[in-house]
2 protein chains.
Amino acid sequence: MTGDVKQRINTKLVQAYRDITNIEEKELKKGPFSDLSIKEIHAINAISMYEHKTSSQVSKELSINPGTLTATVNNLARKGYVLRLRGEHDRRVIRLGLTRKGRSVYRLHASFHRKMVDTFLQGFSDHEISLIEKAIDHLLNFLEGRPNTVSTRI
Amino acid sequence: MTGDVKQRINTKLVQAYRDITNIEEKELKKGPFSDLSIKEIHAINAISMYEHKTSSQVSKELSINPGTLTATVNNLARKGYVLRLRGEHDRRVIRLGLTRKGRSVYRLHASFHRKMVDTFLQGFSDHEISLIEKAIDHLLNFLEGRPNTVSTRI
DNA sequence: AAAAATTACTTCAAACATCAAAATATTTAA
DNA sequence: TTAAATATTTTGATGTTTGAAGTAATTTTT
């Protein structure tokens with residue numbers, strides 16, 4: 001295979017990465033949640049709707065210093081997106097939750113992602129999609145330092 | 001197609017995005033350029049080796065505030081990666097270039113990307129790769145607000 | 001050609017993000 | 001019951017980002 005194709009795919013991936021960073025933020029700035037930065041949205045996303053994660057879980061998930069998360073949560077709580085809930089069993093832990101407003105943001109962001117993936121996969125057959133998924137798996141393996149179990153064909 | 005697959009692919013894409021952000025930075029921290037952040041590397045990359053872009057071109061390309069680029073370039077110039085060249089025709093214009101050290105970073109980062117794409121595409125046939133490229137095109141179209149010319153099959 | 005508008009970039013002040021280390025509160029182990 | 005461990009917050013220091021105002025050079029208009 002020619003390196004040209006790889007080079008071209010690389011450029012496109014870089015472009016996609018950049019676009020996602022920019023567009024996610026701008027999309028939301030236009031809506032009713034213009035007081036949120038992309039980092040805050042990612043924090044809201046990590047906190048998530050469906051369980052009450054602890055502060056340390058969330059800070060690990062986001063790979064940020066616990067002190068940084070405290071500051072972020074302070075801001076998000078002040079703006080009315082996030083709640084702190086004191087743990088019941090263990091009163092040292094803080095469990096984080098979303099307010100109604102926080103849940104709207106969560107859903108809006110989720111729907112952006114759904115649309116994005118829908119478009120990404122538009123027009124491909126099931127077989128082709130499973131192929132694409134395999135390529136993404138390769139990428140994840142590379143990124144997470146796992147050797148790729150290459151399904152070589154002859 | 002079941003939404004499960006899409007949901008799974010979405011999760012993987014999010015993971016890949018997060019990994020790329022984290023890993024690119026850590027990779028470089030280990031090497032001889034540990035005084036650079038990921039944003040600085042992306043700036044070096046945008047400034048690029050092959051032409052002398054202007055400040056505004058670069059700040060547009062990175063979608064950052066011009067003032068932010070000024071600060072970034074100040075830092076990169078101080079650390080010896082980037083040069084400012086006053087424009088010859090129009091003396092308002094600043095053209096940006098890389099020092100020898102800046103060019104090394106550029107090449108190191110490029111080789112990381114080459115490895116990443118190689119692994120991403122490992123084990124796929126040419127046909128499959130062109131399929132994957134098409135999916136990435138879809139994604140870019142979506143991100144950049146272009147309608148997708150769907151190649152629907154029956 | 002002088003004044004006005006435009007442009008390319010920089011500076012500034014304020015908000016926010018980040019980290020390591022110390023402090024606080026709570027729980028568990030000795 | 002004291003000591004050690006854990007979960008989070010505070011503190012202080014440093015860096016990043018932004019919008020808006022400022023400076024300088026160029027182009028357009030009158």
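Proteins come first, then strands; the chains are lettered A, B, ... in the order of their sequence lines, and each starts at number 1. All values reported here derive from a predicted model rather than from experimental measurement.
- Side-chain proximity of A:Arg92 to D:dA5, C:dT18, C:dA8: nearest is D:dA5.
- Two residues, B:Gly67 and B:Arg86, neighbour DNA chain D, and the one matched to the more 5' nucleotide by heavy-atom proximity is B:Gly67.
- Taking 4.0 angstrom as the limit, B:Arg84 places a side-chain polar atom (N or O) nearer than this to OP1 or OP2 of C:dT10.
- As a whole-Å value, the separation of A:His42 NE2 from C:dC16 C1' is 17 Å.
- At whole-Å resolution of the value, CZ in B:Arg78 and P in D:dT14 are 13 Å apart.
- Between B:Asn65 atom CG and C:dC16 atom P the separation is 16 Å, expressed in whole Å.
- Residue side chain A:Arg91 does not reach the base of C:dT26 through any donor-acceptor N/O pair under 3.5 Å, judged by distance alone.
- Regarding B:Gln57, its CD atom lies at a distance of 14 Å from the C1' atom of C:dT7, rounded to whole Å.
- Separation of the B:Tyr17 and A:Tyr17 ring centroids falls under the 6.0 Å cut-off.
- The nucleotide whose nearest atom lies closest to any side-chain atom of B:Lys39 is, among C:dA17, D:dT17, D:dT9, D:dT17.
- Rounded to whole angstrom, the span from the CG atom of B:Leu69 across to the P atom of D:dT18 amounts to 11 Å.
- Of the candidate nucleotides C:dT18, D:dT6, D:dT9, C:dT18 has the atom nearest to the side chain of A:Thr68.
- A:Asn75 has a side-chain polar atom (N or O) that falls below the 4.0 Å cut-off from OP1 or OP2 of C:dA17.
- Within the 4.0 angstrom heavy-atom criterion, only backbone atoms of the sugar-phosphate kind lie near B:Ser55; the bases stay farther away.
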